[in-house]
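Here, residue 1 is the first one in the sequence, and each next residue gets the next number. Being a predicted model, the structure only gives us computed values, none of them experimental.
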Amino acid sequence: MAKHSTTGLISFRNKWPLIILLCIALSTAFTFFIRASFDGSCNSQQLMDDTNQIHSKIAGSENPLSFMKSKLVLLVSHELSLSGGPLLLMELAFLLRGVGTEVVWITNQKLNELDEVIYSLEQKMKDRGVQVFVAKGQEAVDITLKADLVILNTAVAGKWLDAVLKENVLRVLPKVLWWIHEMRGHYFKLEYVKHLPFVAGAMIDSHITAEYWKNRTSERIGIKMPETYVVHLGNSKDLMEVAEDSVARRVLREHIRESLGVRKDDLLFAIINSVSRGKGQDLFLRSFYESLQLVQEKKLQVPSMHAVIVGSDISAQTKFETELQNFVAEKKIQDRVHFVNKTLNVAPYLASIDILVQNSQARGECFGRITIEAMAFQLPILGTAAGGTTEIVINGTTGWLHPAGKEGIAPLAKNIVRLATDVKTRLKMGKMGSARVKEMFLEQHMSLRISLVLKEVLQKAKKNAKGLK
């Protein structure tokens, strides 16, 4: 079988406590970058005028979210897990808590009290002052009616509105900001999003996804999107600090490579995502195998190449992961492929690898925060030409894009070989990616721009509330 590592930050913390102090909360520090409003449905000119002043305001200014102090915000998530949506909402909760916002969290799923992940995430929120409420009952209704702002996370969370609020739904909709991450067609169900046209606004992670939602809601279920804001993610100050700390990166790199059993000069291509068919780990492994064949056929002189798949679930071996393991065994590349259990702490792996592969299939990632995190570590990106990846990666400058689907296997294999044989291009792309992150995807960009969106939504909610009286 391929090598399967459970190395994480727990064992690492025991060895290098000072470095871990630098790395704490890296992968959960998912912040948000607001580029502009979508299709001019909100006051886009005002947003553009305000955002043009951002760079002149960054230095020495107060936290732009400070106006949220003492506001009551209710966050409703469809689940509590290590997946992107809940973690993004948690990070927003922490940002709001940082300026004195009263934040309440509701998870609209049947929670297993014995689930270690759920317990850990809930405890993390409570430690940061976030109040955790049960999804149903009068307490949930009361806090919803009292809240200044309600943020629904993902399309699926829409089911909570009718199930819990019942006759109070219409009173709440004018103060709802709906944050949507989905790109799959099966989420376009009226039972999920029938209230979407009546909320104060929607936030979506990329322009491509926003356009997709605009068209699909109209064509498939006959509803109109509310005022919509495109929200790009950004890297936290903590992550950027470690990404730019050469000592921290070196120690992390040495430790992870030692745990994987690879040498310091070996070339590591990694895909860091939950293991599922939609994330394309199967096609990546096929491309990786083809790249090994190309190197052998052309007798190319390259470092020993390895594939690292971070995002496995060792406790619950899925059929898909079994397929991956069987492919690796069949091709006899067990010494070249390494499976790593899913973890919140991706920074050590970003420090240890050389190239990130973002291989999400079909319509791609809604955004793909791991991409900008990797770019912060000066890693070139090999990504599918789909979804939010096309709004992050500049093809030929910060990485190379390839088609989604089986037709992308051969191009990705060739791109793997191109980067393996061209150190100069690999390093240049990494540096260009890092510069792009600093230009567009930092916490200070997020803080100023998201403040514009929240201000507008709160103003609309206040105006609508007067109209209901």
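Note on residues 193-209: pairs passing salt bridge (Lys or Arg N to Asp or Glu O under 4.0 Å), not counting sequence neighbours, are D162-K194.
Under the 4.5 Å side-chain criterion, counting only non-hydrogen atoms from C-beta, F367 is in contact with I392. Residues T144 and V164 form no side-chain contact, since every pair of their non-hydrogen atoms from C-beta on lies 4.5 Å or further apart. The shortest side-chain heavy-atom distance between N108 and H78 does not fall under the 4.5 Å cut-off. A 4.5 Å side-chain heavy-atom check between W160 and L165 finds at least one atom pair inside the cut-off. Put simply, the side chain of H445 reaches to within 4.5 Å of the side chain of L442, judged on heavy atoms. With contacts defined as side-chain heavy-atom distances shorter than 4.5 Å, the pair E365/T371 does not qualify. Two residues are said to be in side-chain contact when any heavy atoms from C-beta on lie closer than 4.5 Å; I180 and V193 fail this criterion. The shortest distance between side-chain heavy atoms of I151 and L92 falls below 4.5 Å.
Here the side chain of Q361 pairs a donor or acceptor atom with the backbone of G405 at under 3.5 angstrom. At distances below 3.5 Å, at least one donor-acceptor pair connects side-chain atoms of T384 with backbone N or O atoms of S360. Remark: side-chain polar atoms of T228 are paired, donor with acceptor, to backbone N or O of P226 under 3.5 angstrom. No donor-acceptor pair closer than 3.5 Å links the side chain of S77 to the backbone N or O of L80. Using a distance-only test at 3.5 Å, with no hydrogens or angles considered, no donor-acceptor pair links the side chain of S120 to the main chain of V117.
Here the CD1 atom belonging to I381 is positioned 10.5 Å from the CD1 atom belonging to I372, to the nearest 0.5 angstrom. Remark: N359 CG to N273 CG distance equals 9.5 Å, nearest 0.5 Å. Atom-to-atom distance recorded for Y349:OH and E373:CD is 14.5 Å, nearest 0.5 angstrom. Note that CZ of R436 is 4.0 Å distant from CD1 of I394, once rounded to the nearest 0.5 Å. To the nearest 0.5 Å, the span separating CG on L452 from OH on Y229 amounts to 9.5 Å. Considering OG of S451 and CD of E456, their distance stands at 11.5 Å, rounded to 0.5 Å.
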Please list, one pair per line, the donor and acceptor atoms closer than 3.5 Å that link side chains of residues 93-105 to other protein atoms, with sequence neighbours excluded.
{"from": "R97", "atom 1": "NE", "to": "R128", "atom 2": "O", "distance (Å)": "3.2"}
{"from": "R97", "atom 1": "NE", "to": "G129", "atom 2": "O", "distance (Å)": "3.3"}
{"from": "R97", "atom 1": "NH1", "to": "T101", "atom 2": "O", "distance (Å)": "2.7"}
{"from": "T101", "atom 1": "OG1", "to": "M68", "atom 2": "O", "distance (Å)": "3.0"}
{"from": "T101", "atom 1": "OG1", "to": "L96", "atom 2": "O", "distance (Å)": "3.0"}
{"from": "E102", "atom 1": "OE2", "to": "Q131", "atom 2": "NE2", "distance (Å)": "3.1"}
{"from": "W105", "atom 1": "NE1", "to": "T107", "atom 2": "OG1", "distance (Å)": "2.6"}

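Minimum interatomic distance between Y212 and M183 (heavy atoms only, all atoms of both residues): CE2-O, 3.5 Å. The heavy-atom pair separating D282 from L324 by the smallest distance is CA-CD2, 3.5 Å. Contact between K175 and L145 at its shortest, heavy atoms only, is NZ-O, 2.8 Å. For A347 against L252, the heavy-atom pair with the smallest separation is O-CD1, 4.5 Å. Across P348 and N345, no two heavy atoms sit closer than the pair CD-O, 3.3 Å. The shortest non-hydrogen separation linking D354 to L268 is OD2-N, 2.8 Å.
When the side-chain hydrogen bond (donor to acceptor under 3.5 Å, both in side chains) test is applied to S83, the partners found at least two apart in sequence or on another chain are E79, S81. W213 meets the ring-ring contact (aromatic ring centres under 6.0 Å, His included) test with F188; sequence neighbours excluded. Legend: residues meeting ring-ring contact (aromatic ring centres under 6.0 Å, His included) with H402, ordered by chain and number and at least two apart, are absent. Applying the salt bridge (charged side-chain N to carboxylate O under 4.0 Å, His left out) test to K189 and every residue at least two apart in sequence or in another chain returns nothing.
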Check step by step if side-chain contact (heavy atoms from CB on, under 4.5 Å) holds for L88 and N153.
-> CA-CA 9 Å; L88 287 169; N153 197 43; 5.7 Å; no
Go through the steps to decide whether L233 and E91 satisfy the test side-chain contact (heavy atoms from CB on, under 4.5 Å), and finish with yes or no.
-> CA-CA 11 Å; L233 313 183; E91 183 59 23; over 6 Å; no
Report the C-alpha separation of R249 and E244 in whole Å, then their side-chain angles, then the decisive distance to 0.1 Å, and conclude whether the salt bridge (charged side-chain N to carboxylate O under 4.0 Å, His left out) test is met.
-> CA-CA 8 Å; R249 290 202 318 272; E244 296 178 355; over 6 Å; no
Determine, stepwise, if the pair K166 / V141 fulfils side-chain contact (heavy atoms from CB on, under 4.5 Å).
-> CA-CA 9 Å; K166 298 182 173 60; V141 175; over 6 Å; no
Stepwise side-chain contact (heavy atoms from CB on, under 4.5 Å) check, I223 with L190 | CA-CA 9 Å; I223 66 174; L190 204 56; 4.1 Å; yes
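Looking at Q281, H338, E321, K342 one by one, the single match for side-chain hydrogen bond (donor to acceptor under 3.5 Å, both in side chains) with S312 turns out to be E321.
Side chains of Q358 and T389: a donor-acceptor N/O pair is absent below 3.5 angstrom, by distance only. Residues E219 and N215 have side chains that never bring a donor and an acceptor to within less than 3.5 angstrom of each other.
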